[in-house]
Amino acid sequence: FQAEDGIRDQPRSRGLGDVYKRQAPLISPSNINKRLDMVHFFVAGERLRQDIRAVLRRSPDIARAQGRLSLQRGGPRDLAAIRDGLTAAHELGDLLGVVELPPPSAGIIEASLGLGRHDILLNELTRALNSDLPKSTREGNFIAEGYLAELDELRVLRDASRKLIIGLEGDYRQQSGIETLKIKHNRMLGYFVEVTARRAETLMVTPLNETFIHRQTMSNVIRFSTIELSELERRIAESGDRALTLELDLFEVLSNKVAGQSEPILRAVEAMAALDVAAANADMAVTARYCRPVVDNTHEFNIRGGRHPVVEAALAQRNEGTFIENDCSLGDPNGKDAKIWLVTGPNMAGKSTFLRQNALISLM
């Protein structure tokens with residue numbers, strides 16, 4: 001592993017993100033203890049730990065949604081993920097804001113501040129987005145009713161025209177005397193009147209042939225158009241296209257607002273991740289009966305009653321008994337304990353398990 005202190009002679013201050021987002025083990029005792037303080041905080045506060053984890057469990061992947069939006073590959077559901085994630089961040093901040101016992105550690109306080117408040121953006125997204133969202137913006141109908149009056153008017157015109165289609169179908173049935181007459185739609189022809197081939201002759205003779213214009217003959221049905229139906233189709237198409245164009249413009253505006261808050265959003269993401277790791281580790285510590293290690297600047301490695309976490313879990317899953325605890329003591333260079341152990345024994349005696357066990361403990 002690469003050590004987290006790349007240049008030993010140039011110390012620098014580290015924030016909460018540095019403590020948690022590193023992909024290599026920490027070696028600074030202060031940073032390790034900062035992380036352990038956060039775990040201890042959640043170990044001591046069981047109810048708070050459960051509440052924090054419940055909020056985090058239903059929080060979406062904000063960073064992924066923000067990344068998709070920044071690359072112009074996002075959709076309405078990504079905006080909703082930002083909205084729901086920021087809502088979760090506010091909930092976490094509220095939970096941490098009323099904590100009295102145990103007193104929050106420095107890392108918990110930093111995380112609480114990192115969550116921030118995003119009321120303006122959150123209120124905007126809440127007002128703008130429908131409850132049922134399509135995957136793609138091209139599907140439309142993702143902007144909530146009441147968000148923009150112009151869009152509501154276009155939708156009313158579009159939907160009212162569709163209702164007129166239904167009424168027109170009834171008028172044509174009454175006019176022609178054909179109860180099976182239907183008005184249908186497809187992408188090739190648009191809206192058209194369809195009747196069975198047996199009844200189509202009625203529409204092809206005077207006076208109905210002046211209203212119904214023959215368009216297509218199929219094996220069992222014949223299709224017609226009318227001037228009135230074509231006009232309604234044009235109105236529906238225009239209002240639908242204008243509504244969709246307006247929704248796409250609104251999506252771009254909302255995406256730009258999210259982009260304008262990218263830094264505070266990412267700070268909230270990092271804070272939520274730090275809380276997630278600390279609360280999850282605390283939950284594991286309680287469940288598996290782990291104790292907090294003493295980490296300092298000495299070279300002493302002193303394990304009492306150590307257990308291999310993976311082997312122990314496998315034994316429990318198979319109901320094959322409990323893991324037998326063991327010790328490992330590697331002393332300080334100035335101390336009396338040995339600095340090197342020579343581990344011997346036959347095959348399958350547990351040598352590798354013992355070595356890996358202590359390596360895992362040192363990482364944990």
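Just so we're clear, the structure is a prediction, and the values are computed from it rather than from any experiment.
Remark: the Tyr191 side chain and the Ser230 side chain contain no N/O donor-acceptor pair separated by less than 3.5 Å. Side-chain atoms of Arg35 and Asn33 form no donor-acceptor pair, as typed in the model, at a separation below 3.5 Å.
Heavy-atom minimum distance, Ala279 versus Ile52: CB-CG2, 4.4 Å. Nearest heavy-atom pair, Pro346 versus Lys351, reported as atom, atom and distance to 0.1 Å: O-NZ, 3.1 Å. In terms of heavy atoms, Ala80 sits closest to Leu129 at N-CD1, 3.6 Å. When all heavy atoms are compared, the tightest approach of His118 to Pro264 is CE1-O, 3.6 Å. Closest heavy-atom contact between Leu168 and Ile183: C-CD1, 4.1 Å. In plain terms, the two heavy atoms of Arg304 and Cys328 that are nearest each other are NH1-O, 4.2 Å.
Two residues are said to be in side-chain contact when any heavy atoms from C-beta on lie closer than 4.5 Å; Arg173 and Lys182 meet this criterion. Here the side chains of Leu96 and Phe41 are in contact, with some heavy-atom distance below 4.5 Å. In this structure, Leu248 and Glu252 have side chains that are not in contact, with every pair of non-hydrogen atoms separated by 4.5 Å or more. In this structure, the side chains of Gln216 and Ile222 stay at 4.5 Å or more apart for every pair of heavy atoms. In this structure the side chain of Asn186 reaches within 4.5 angstrom of the side chain of Leu189, judged on heavy atoms. Between Ile32 and Leu36 the shortest side-chain heavy-atom distance falls below 4.5 Å.
Ion pairing between a basic and an acidic side chain is recognised when a charged N comes within 4.0 Å of a carboxylate O; Asp61 and Arg68 show no such pairing. Salt bridge status for Glu312 with Arg307: present, with a side-chain N to carboxylate O gap under 4.0 Å. A salt bridge links Glu231 with Arg234: at least one charged nitrogen is closer than 4.0 Å to a carboxylate oxygen. Residues Arg199 and Glu194 are not paired through a salt bridge, judged by the lack of any N-O separation under 4.0 Å between the basic side chain and the carboxylate. By the 4.0 Å N-to-carboxylate-O rule, Asp94 lies close enough to Arg117 to be salt-bridged with it.
Of the possible polar contacts, one joining the Ser255 side chain to the Phe251 backbone as a donor-acceptor pair under 3.5 Å is found. The backbone N or O of Leu315 lies less than 3.5 Å from no partner atom in the side chain of Asn319, so there is not a single donor-acceptor pair. Although no hydrogens or angles enter the test, the distance criterion places a donor-acceptor pair under 3.5 Å between the side chain of Asp78 and the main chain of Gly75. Checked by atom type and distance alone, the side chain of Asn130 never pairs as donor or acceptor with a backbone atom of Leu133 at under 3.5 Å.
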Is there a side-chain contact (heavy atoms from CB on, under 4.5 Å) between Asn220 and Thr196? Walk through the geometry before answering.
CA-CA 6 Å; Asn220 297 320; Thr196 61; over 6 Å; no

Go through Asp159 and Lys163 one step at a time and tell me if the salt bridge (Lys or Arg N to Asp or Glu O under 4.0 Å) criterion holds.
CA-CA 6 Å; Asp159 297 339; Lys163 291 179 181 178; over 6 Å; no

Derivation of the side-chain contact (heavy atoms from CB on, under 4.5 Å) call for Glu91 and Thr87:
CA-CA 6 Å; Glu91 291 182 39; Thr87 300; 3.7 Å; yes

Pair Arg242-Ser239, side-chain contact (heavy atoms from CB on, under 4.5 Å): steps then yes or no:
CA-CA 5 Å; Arg242 289 168 60 195; Ser239 58; 5.8 Å; no

Are Arg77 and Asp84 close enough, and set up right, to give a salt bridge (Lys or Arg N to Asp or Glu O under 4.0 Å), and what steps lead you there?
CA-CA 10 Å; Arg77 295 179 185 178; Asp84 297 342; over 6 Å; no

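Among the candidates Arg49, Arg47, Arg53, the single residue satisfying the salt bridge (charged side-chain N to carboxylate O under 4.0 Å, His left out) test with Asp51 is Arg47.
Considering CD of Gln357 and CD1 of Ile303, their distance stands at 8.5 Å, rounded to 0.5 Å.
Within 6.0 Å of the CG atom in Asp327, the count of heavy atoms belonging to other residues, nucleotides or ligands exceeds 12.
Note: Phe301 and Trp341 fail the aromatic proximity criterion, with ring centroids not under 6.0 Å apart.
Using cut-offs of 30° and 60° for the angle between ring planes, the His214 and Phe224 rings count as perpendicular. Ring geometry for Phe323 against His308 counts as tilted: the plane angle lies between 30° and 60°, on a 0 to 90° scale.
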Side-chain atoms of residues 141-155: list all donor-acceptor pairs with protein atoms under 3.5 Å, sequence neighbours left out, distances to 0.1 Å.
unit_1	atom_1	unit_2	atom_2	d
Tyr147	OH	Glu124	OE2	2.5
Asp152	OD1	Gly146	N	3.4
Asp152	OD2	Gly146	N	3.0
Arg155	NH1	Ile143	O	2.9
Arg155	NH2	Ile143	O	2.9
Arg155	NH2	Glu247	OE1	3.1
Arg155	NH2	Glu247	OE2	3.4

